[in-house]
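Let me begin by presenting the structure, written as structure tokens, before commenting on it.
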Amino acid sequence: MTLDFDLAGYLAREEGRVEAALARAMDGMEDRLSPELHEAVRHGVMGGGKRIRPILCVTAYRAAGGTCDDGIYDLAAALELIHAYSLIHDDLPCMDDAELRRGRPTTHRAHGEDRATVAGAALIPAAALQAWRASGALGMDPEARRRVVATLMEAAGAGGMVGGQWLDLEGEERALGADDLDGLHRRKTGALLVASLIMGAGAAGASEAVMNAMYRYGRAIGLAFQIADDILDATSTAEALGKNPSDTHLGKSTYVSLYGLEEARRKARAQVEGACAAIGEVELEAPALLALARFVVDRRS
Ligand code: GRG
């Protein structure tokens, strides 16, 4: 069913619309930040990347019957603001101490550690405000708006990305078992991917069955995404990835160190099949979601 789907064309179109929404978000922050800090924020947000989280959000929205085509991109941009903050902070000297991100110097290398730290922090409330305002502009009722902001903040917080980051730091130089590795990545990487789908489908007023399918799809592609990330870190180059491979040097347990390359690839494919099955079970006509699930493991960066 996905064979005829023009994923490259779809990604190019969607990326363009996400970029426009992010540019609007950056303009909206300009009068509240000094020019230097605004530049650091822009460096972290506008520096490329696949934009997979907002693209999943708008794709889930449309698959669930959403029709307000422009406004959904402003809601989806809130996910990318959280993602951008996490990358800025993850690259800091006290974290991964990375030089390169998306083929350019990391935010702290380009703008200094103090500005990068504050720029990342500024993006967290900015994302919550972005989600609140965009959900209002979409005409969502107050309870649905509250849920959409709570979904984003819960995924970003201690039970999600930040909690996963801490487990990741604690796990350095230790050999983690399968359950610990899954638990860590369901929080660190998976939670925001799940939130992308739930926010998009929720904004469309999806039924409980569809929300449930989106949740299962998101959980599966979340793990597949991280397995693919570990495989790329082990097999690719800084030039192709736009960042330096770092897992070995940081002493991290990965799906490759735990299972080996071939088994890790098999596990990623199995998660993709599970994700597609979840969509099939509720009979959603969503070729873009099926194609995106495969993209998560076939991507080159
Ligand atoms: C509070 C100091 C402090 C640090 C916390 C929250 C956090 C920093 C880090 C979260 C960890 C993290 C960066 C998770 C995401 C991991 C991941 C797979 C990133 C790559 O995402 P892609 O491939 O990147 O979507 P692009 O560049 O395409 O957007």
Side-chain angles (χ1 to χ4, degrees), residues 11 14-15 18-19 22 43-57 76-77 79-98 100-108 113-125 127 152-172 181 184-196 218 221-234 236 238 240-247 250 252 254-256 268 292 295-301:
L11 288 175
E14 294 304 314
E15 272 170 33
V18 169
E19 292 304 321
L22 288 170
H43 183 99
V45 173
M46 301 306 291
K50 296 179 289 298
R51 312 308 196 189
I52 189 74
R53 294 154 191 81
I55 291 176
L56 284 168
C57 178
L79 288 148
E80 191 69 20
L81 299 185
I82 288 291
H83 176 57
Y85 124 72
S86 82
L87 299 182
I88 294 171
H89 278 192
D90 193 43
D91 289 338
L92 286 171
C94 63
M95 297 278 142
D96 282 359
D97 195 11
L100 202 62
R101 169 73 66 184
R102 296 168 168 171
R104 298 183 315 156
T106 48
T107 305
H108 68 274
E113 205 176 321
D114 49 358
R115 274 184 217 157
T117 305
V118 178
L123 283 167
I124 307 169
L152 179 63
M153 290 295 105
E154 277 166 14
M161 193 171 64
V162 167
Q165 173 76 354
W166 183 246
L167 293 174
D168 198 23
L169 289 168
E170 280 190 325
E172 283 180 10
L181 202 58
L184 183 171
H185 289 303
R186 282 202 187 287
R187 291 165 80 168
K188 183 179 139 179
T189 309
L192 199 59
L193 290 165
V194 171
S196 307
I221 65 157
L223 270 196
F225 190 95
Q226 186 60 49
I227 298 172
D229 219 63
D230 290 355
I231 293 171
L232 286 169
D233 195 272
S236 194
L241 293 176
K243 62 182 178 183
N244 290 306
S246 61
D247 290 340
L250 292 169
K252 290 195 179 181
T254 71
Y255 286 99
V256 175
L292 284 169
F295 170 71
V296 157
V297 295
D298 292 341
R299 65 200 168 93
R300 295 279 171 262
S301 70

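Just so we're clear, the structure is a prediction, and the values are computed from it rather than from any experiment. As the structure lists them, so they are numbered: ligands from 1, and atoms in each ligand from 1.
In this structure the side chain of L152 reaches within 4.5 angstrom of the side chain of L192, judged on heavy atoms. Put simply, the side chain of I82 reaches to within 4.5 Å of the side chain of M161, judged on heavy atoms. The shortest distance between side-chain heavy atoms of L22 and L81 falls below 4.5 Å. M46 places a side-chain heavy atom less than 4.5 Å from the side chain of E19.
In this structure, atom 4 (C) of ligand 1 lies nearest to the protein heavy atom H89 CB, 3.6 Å. Among all protein heavy atoms, the one lying closest to atom 17 (C) of ligand 1 is R53 NH2, 4.4 Å. Counting protein heavy atoms only, atom 16 (C) of ligand 1 is closest to T189 OG1, 4.0 Å. Regarding atom 20 (C) of ligand 1, its nearest protein heavy-atom neighbour is H83 CE1, 4.1 Å. When only non-hydrogen protein atoms are considered, atom 12 (C) of ligand 1 lies nearest to K188 CE, 3.9 Å. For atom 11 (C) of ligand 1, the closest non-hydrogen atom of the protein is Q165 OE1, 3.1 Å. When only non-hydrogen protein atoms are considered, atom 19 (C) of ligand 1 lies nearest to L87 CD2, 3.9 Å. Of the protein's non-hydrogen atoms, M95 CE, 3.7 Å is the one closest to atom 2 (C) of ligand 1.
With a 4.0 Å cut-off on non-hydrogen atoms, K50 touches ligand 1 through its backbone as well as its side chain.
Taken from CE in M95 to CG in D91, the straight-line distance is 11.0 Å, to the nearest 0.5 Å.
For ligand 1, the atoms lying closer than 4.0 Å to a non-hydrogen atom of F225 are 18 (C), 22 (P), 23 (O), 25 (O). Near R102, meaning under 4.0 Å from any of its heavy atoms, are these atoms of ligand 1: 26 (P), 27 (O), 29 (O).
Of the residues N244, D90, D168, T106, the one that meets the side chain to side chain contact (heavy atoms under 4.5 Å, CB included) test with D96 is D90.
Considering backbone and side-chain atoms together, Y85 places no N or O closer than 3.5 Å to any N or O of ligand 1.
Distance alone, capped at 3.5 Å, places no donor-acceptor pair between the H108 side chain and the D114 backbone. Side-chain atoms of H43 come within 3.5 Å of backbone atoms of P105 as a donor-acceptor pair (strictly under, hydrogens ignored).
Not a single heavy atom of R51 sits under 4.0 Å from any atom of ligand 1.
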How far apart are the C-alpha atoms of D229 and R299, what are their side-chain angles, what is the distance that settles it, and do they pass the salt bridge (Lys or Arg N to Asp or Glu O under 4.0 Å) test?
CA-CA 9 Å; D229 219 63; R299 65 200 168 93; 3.3 Å; yes
